[in-house]
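Everything numeric here is computed off the predicted structure, so don't read it as measured data.
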Amino acid sequence: MIELTPWWGALLLPPVLAAFAVAAAVFDSALTARAAGAPAPRAAAGAPLRAAGGLLLQQRRRTLAADAPLWRGAGITLAAAGVLASLVTPLGRWAVGDLSVGIVWFNAMEIVAWAAVWLAGWGANSAFGLVGGYRFIAQGLSYELPHMFALTAPAIGAGSLRVADVVSAQDGLWFAVWMPVAFLVFLATVLAMAFRRPFDHPVSRDTAGGVLAELSGVDRLVFLAGRWLLLVSGAGMAVALFLGGGAGPLLPAWLWSVLKTAAVLAALVWAGHRLPTVRMDRFAELAWLVLIPATLLQALFVSIVVI
Amino acid sequence: MDLRGWLSRRLPVRPLVVPVPGGTASRLAAERTCRTRGWYSAASPAEANLLVVAGATDGALEAAVERVWQSMPAPRARAAIARAEHAEGQLDAAEATLRDTFRQRRQATETVHPGPEPEMAGRGEDRDGLMLDQLTVPLGPVLPEWPAGLVLHTTVQGDVIQDARVELLGLGQVSGGTPWWPYGGGTPRRGLAARHLDTCASLLTLAGAGRAAITARRLRDDVLLGRPAAELTGPLRRWSAGVRRSWPLRWLLSGLGPVDDDLAPPPHLAGDVLARLRRFATAAEEALADLDEDGALPGRSGDESGDAQWTIETLPRLLAGSELAAARLLVASLDPDIEALTGREVRP
Amino acid sequence: MTFANALIALALVLGVTGGLYGVAHLVRLGSTGVGMRPFLSGHDPAEHALSRFHVRWYALTMIFLAFDMEMVFMYPWALVVAEKGTSAVVEMFVFLAILMAGVVYAWREGALRWT
Amino acid sequence: MWQEIVFWLCAAGAVGTGIAVFRVDSMARATFALLASFLFGAGTVLLVELTYLGVLVILMMIMEMVIMVVFMVMYMMNPAGLMPMSMLHNQRGSLAIAAGTFALLTAGIYLVDWPTSRAPRPGDPTKALGEALMGPKMLVMIVLGLALFATIVATVVLATNRGRYDRYGDRLERDRPDDPVRGGVGR
């Protein structure tokens with residue numbers, strides 16, 4: 001059974017997510033270093049933290065006629081959304097928030113990225129930034145509906161939008177086992193909402209980093225942190241909705257949650273190293289004509305099973 | 001405690017390499033050094049802290065480099081690598097400057113030289129007959145994964161290129177000849193294999209296939225450093241097969257940037273981006289098959305200046321109405337070697 | 001309780017972000033570079049980039065808006081489908097099939113294209 | 001007590017950002033001020049424990065406002081407000097309409113004898129909504145489904161300048177469409 005933590009649980013939520021984010025960044029950097037044949041893979045482990053320190057040191061910059069409030073607000077908004085998306089995700093038996101519509105809450109917080117990324121692209125008064133921002137909206141229009149249908153499948157299976165109910169409904173069998181399409185689409189859309197490769201076209205090198213093109217210093221650090229936090233929140237939600245949350249033998253529930261989230265996160269980062277960047281001129285049709293019908297059929301299958 | 005110095009010493013180096021006509025050897029040396037040191041290249045000046053100019057610049061190219069330098073935030077350092085064998089030393093010196101907080105603080109207070117004030121965007125007719133705002137967006141000379149010395153002055157509406165004009169920079173400093181053949185003391189076949197691998201690496205980077213791109217760069221460096229062909233055959237074949245058979249790449253690149261036969265392209269530049277990628281990957285493998293032999297060369301015709309001439313003449317037609325991402329992939333797949341144009345009459 | 005916790009977590013995020021800005025201010029090498037020219041491959045911008053931006057997927061936005069209205073119903077529907085049984089399933093999937101027919105029509109007309 | 005504080009914060013925030021919509025020159029700022037206003041509105045809905053509705057307002061309004069900003073920036077002159085200009089037109093007329101509407105609504109709040117319900121509140125309003133949709137309000141959903149279908153078709157007809165006859169030929173004889181740019185499915 002999942003219990004609500006006292007108020008200090010809310011204080012632990014950001015640090016826990018940040019720890020996952022750092023671990024994922026370390027894994028990502030180790031994979032890059034291995035592929036590049038750089039010496040001392042151990043040095044790669046420290047690279048994300050050293051990079052963060054470097055960004056604290058780096059001079060901030062403001063471009064000509066930039067829309068500064070909207071631009072600076074984008075990173076903070078993204079970071080806040082990344083943390084709040086995990087409000088209803090249980091860690092083992094504890095959850096910081098418990099809403100009867102927890103799944104919808106996660107959905108709403110994750111949508112905040114639409115606004116944040118577009119604003120980051122708009123704010124700098126830079127042609128490349130703008131192109132990146134608009135690419136993300138096109139991406140959102142493509143991944144969001146499959147994402148929502150993937151979210152409804154476990155809700156139908158559990159007959160509830162409360163995340164705790166979804167976790168306990170997987171007592172016998174994890175939803176990932178009998179809702180594989182929804183699970184895989186959910187994972188893909190988590191990569192898309194955190195605009196990580198293969199869905200990194202909004203920050204791709206062909207536009208000199210897209211929405212990231214003009215960001216430097218601590219502004220860049222906050223935005224990138226928000227992006228990792230969003231990915232961690234997505235991985236955590238995947239564990240709660242599809243992999244039985246904290247369920248598992250021998251080990252305590254919280255440790256199972258941690259291990260499963262780490263595994264999902266590692267799989268997502270690894271997939272990013274294996275797949276090329278997906279452009280929306282190709283993906284939009286695939287999302288609308290293959291992923292939406294596939295997730296709908298999955299939802300139909302689940303609802304036939306529950307009645 | 002000197003927190004600033006402590007962070008400075010641990011700062012990861014993020015180089016932005018500016019390719020310059022005539023500086024291919026310097027660029028290759030700089031890229032190899034950066035890669036083996038784990039310095040991953042930056043995508044924009046805001047991300048970079050080390051500006052690496054690979055070759056000798058002059059005139060308009062120098063001005064472009066200076067503008068990029070002006071827009072880099074502190075800490076920053078620059079390295080001008082005139083000769084390939086000086087690359088390591090120059091990069092060492094630049095790194096020392098980068099980590100010197102005293103110099104960096106002094107430098108950070110220098111005032112930025114303002115450029116001309118931008119105007120409001122004008123309007124023009126778009127592809128579908130609407131009157132829309134248009135922006136002038138030059139591509140090159142300083143842009144990640146971009147051919148040395150090439151500038152495309154494009155007019156864009158949204159992310160669609162309406163028209164493009166070619167300009168070539170930095171040809172005054174080039175002594176002529178094709179840089180790939182003699183470089184590294186290798187044979188023409190080694191040079192050719194490296195050239196194909198270099199093209200594929202840029203193209204794969206832009207396509208977001210990071211792993212395949214890094215592998216291509218490692219193989220390129222190994223080929224040029226003269227590693228025995230027997231050691232290279234296996235990895236190169238695996239890489240080439242992986243690139244050619246990858247279905248995500250096929251789905252993403254097929255039909256992109258098509259070059260019709262009525263444009264009379266050089267045979268190895270015909271087809272779409274995917275066809276060119278596969279052709280170059282195959283050619284790199286074939287060139288390596290008997291690496292140190294002489295004889296007929298696979299892939300590129302060997303007439304680099306003819307290829308480059310055709311490319312810069314045809315690019316404006318190919319790019320009109322194309323989306324920015326498609327345009328970048330198209331240019332990378334044609335990969336004109338601008339420095340081969342020295343001594344020819346250039347009619348962009 | 002949940003919303004109080006949400007506000008506490010939000011306050012902490014904002015506090016930590018503020019702290020990062022504070023640390024960055026302490027260790028900075030120089031003040032914020034103002035009036036920097038946006039990166040344009042080494043050229044000065046001739047125009048402000050913030051102008052009317054033409055997108056070619058505007059049809060997609062409208063199709064999305066229409067389709068996504070359906071989520072308003074689908075979330076509450078997910079709660080009652082087990083009780084209401086077959087009629088609810090038929091009802092919802094007929095509804096979805098109608099919308100999906102619209103999408104297939106749009107696809108055939110090329111409205112999901114970047115052309 | 002704290003509900004009242006939050007309510008007044010939300011109310012003041014909604015009005016303040018609502019005013020900001022007309023005080024800023026930039027389309028982006030105006031749209032996001034409007035979004036902020038909606039989010040404050042969602043806060044008040046959450047206060048009366050209509051959790052689904054409140055979260056749904058957040059969800060939908062972010063998507064809608066981001067799509068709106070796409071169109072605002074695409075069609076409006078000078079979308080960033082970099083040239084001095086005013087977004088206000090017919091100030092006197094709109095002031096009269098606004099004051100009139102405000103007076104009417106305020107009068108309505110105080111003068112109408114609002115009915116009160118003695119029926120107990122449902123345990124889970126979201127579930128009650130689902131039951132209503134599958135029961136007595138089924139017609140609403142059916143009509144809306146057809147309306148949304150009509151919207152999709154109408155949008156496509158009005159907004160695309162190349163249709164199936166351009167793509168598949170006059171007799172729809174081509175297997176593969178002839179497009180300047182390929183898509184992801186069916187080439």
Starting from the C-alpha separation in whole Å, work towards a yes-or-no answer on side-chain contact (heavy atoms from CB on, under 4.5 Å) for B:Met120 and C:His48. CA-CA 6 Å; B:Met120 294 308 293; C:His48 287 294; 4.0 Å; yes
Working note: B:Asp159 + C:Arg56, criterion side-chain contact (heavy atoms from CB on, under 4.5 Å); need CA distance, chi angles, decisive distance, verdict. CA-CA 9 Å; B:Asp159 55 4; C:Arg56 284 172 303 158; 3.6 Å; yes
Looking at C:Glu47 and B:Thr136, would you say the former's side chain and the latter's main chain have a donor-acceptor pair under 3.5 Å? yes
Does C:Ser41 reach the main-chain N or O of B:Pro138 with its side chain, forming a donor-acceptor pair under 3.5 Å? yes
With respect to chain C, which residue among B:Ala74, B:Pro141, B:Gly122 yields the maximal number of heavy-atom pairs within a distance under 4.5 Å? B:Pro141
Do [X] and [Y] have side chains that get closer than 4.5 Å, going by heavy atoms?
X	Y	answer
C:Phe39	B:Leu143	yes
B:Gln70	C:Met36	no
B:Val160	C:His54	no

When only heavy atoms count and the cut-off is under 4.5 Å, which of residues 22-31 of chain C reach chain B? C:Leu26, C:Val27, C:Arg28, C:Leu29, C:Gly30
Side chain, backbone, both or neither: which part of [X] has an atom under 4.5 Å from a heavy atom of chain C?
X	value
B:Glu117	both
B:Val65	neither
B:Leu132	side chain
B:Leu61	neither
B:Arg123	side chain

Please assess C:His43 against B:His153 for the test side-chain contact (heavy atoms from CB on, under 4.5 Å), listing each intermediate value before the final yes or no. CA-CA 10 Å; C:His43 300 264; B:His153 295 275; 3.9 Å; yes
A quick test of your reading: do over 12 heavy atoms of other residues, nucleotides or ligands sit less than 6.0 Å from CD of B:Glu119? no
The reported gap from OG in B:Ser44 to CG in C:Leu40 (rounded to nearest 0.5 angstrom) is 12.5 Å
How close do B:Leu135 and C:Ser51 get, counting heavy atoms only, and between which atoms? CD2-OG, 3.8 Å
